[in-house]
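The structure appears right after this line, and notes come after that.
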Amino acid sequence: MPESSAEPVADTLPLSRDDVAERLTLVVSRLSRRIRPVGDELSHGLLSALSSVKNSGPLRPSDLARLENVAAPTMTRIVADLEQRGLVERTADPVDGRSFLLRATASGLGTVAEARSSRTERVVAMLAEQSDSAIETIAAALPALEAAAAVRN
């Protein structure tokens, strides 16, 4: 499908895994652009790291780097940014005195909730343009997409 085309590609089955991968890559990129952060919202990377701390914390920065699939220096910058914004705080690691654990602050918890709500509203607006049949198709694909997103490489 040409980048400028707004028309969906005609469904031609069966699609190869490579065809599915190519189309999915394009769709995810386009959707991501439409729900990208606006104003002072956190970037996808910062929000993802903060969400991981919220959901899995308290945890060491090295564990967070593994969860987020980023290198240690990248996580160091992310943690510094989140700390500077008051969204995470350090606590002493009771097992390893040389390390620390990250915990989301009350402000961090609120920021996650606000960002998700804002981005969900943008997706709701996109979906409002779709037919009931299209929504049913998207809903049916969600379990497979969620499973694919959960696979760690």
What heavy-atom pair brings A140 and P143 nearest, and what distance separates the two atoms? O-CD, 3.4 Å
Stepwise, does the side chain to side chain contact (heavy atoms under 4.5 Å, CB included) test hold for L82 with V53? CA-CA 11 Å; L82 292 172; V53 171; 5.5 Å; no
Quick check: closest heavy atoms across L59 and S52, and the distance to 0.1 Å? CD2-O, 4.2 Å
Got a second to check how far N55's CG is from L50's CG, nearest 0.5 Å? 9.5 Å
Side chain T76, main chain A72, donor-acceptor under 3.5 Å: yes
List, one per line, each side-chain donor-acceptor pair under 3.5 Å for residues 96-112, sequence neighbours excluded.
residue, atom, partner, partner atom, Å
D96, OD1, R98, N, 3.0
D96, OD1, R98, NE, 3.1
D96, OD2, R98, NH2, 3.3
T105, OG1, G86, O, 2.6
T105, OG1, L87, O, 3.2
T105, OG1, S107, N, 3.4
T105, OG1, G108, N, 3.0
T111, OG1, S107, O, 2.8

Gap separating the CZ atom of R60 from the CE atom of M75, nearest 0.5 angstrom: 15.0 Å
Please evaluate residues T25 and E22 with respect to the criterion side chain to side chain contact (heavy atoms under 4.5 Å, CB included), reporting the C-alpha separation (whole Å), side-chain torsions for both, the decisive distance (0.1 Å), and the verdict. CA-CA 5 Å; T25 299; E22 183 178 340; 5.9 Å; no
Inter-residue atom distance L42.CG - S118.OG, 0.5 Å rounding: 11.0 Å
Under the side chain to side chain donor-acceptor pair (under 3.5 Å) definition, can you give me all pairs with a residue in residues 129-144, not counting sequence neighbours? none
Verify side chain to side chain contact (heavy atoms under 4.5 Å, CB included) between I35 and L31, making sure each step is shown before the conclusion. CA-CA 6 Å; I35 63 170; L31 290 172; 5.7 Å; no
For R122, look at atom CZ and say whether over 12 heavy atoms of other residues, nucleotides or ligands are found less than 6.0 Å away. yes
Whether the side chain of R36 engages the backbone of H44 through a donor-acceptor N/O pair (distance < 3.5 Å, no angle test) should be reported. no
For V28, the hydrophobic cluster (side chain heavy atoms closer than 4.5 Å, chained through members) also holds L24, L145
For S51 versus R116, what's the shortest heavy-atom pair and its separation? OG-NH2, 2.9 Å
Nearest heavy-atom neighbours spanning E68 and G45: OE1-O, 4.5 Å
Take R85 and L46, measure what side chain to side chain contact (heavy atoms under 4.5 Å, CB included) needs, and give me the verdict at the end. CA-CA 11 Å; R85 294 170 186 251; L46 288 175; 3.9 Å; yes
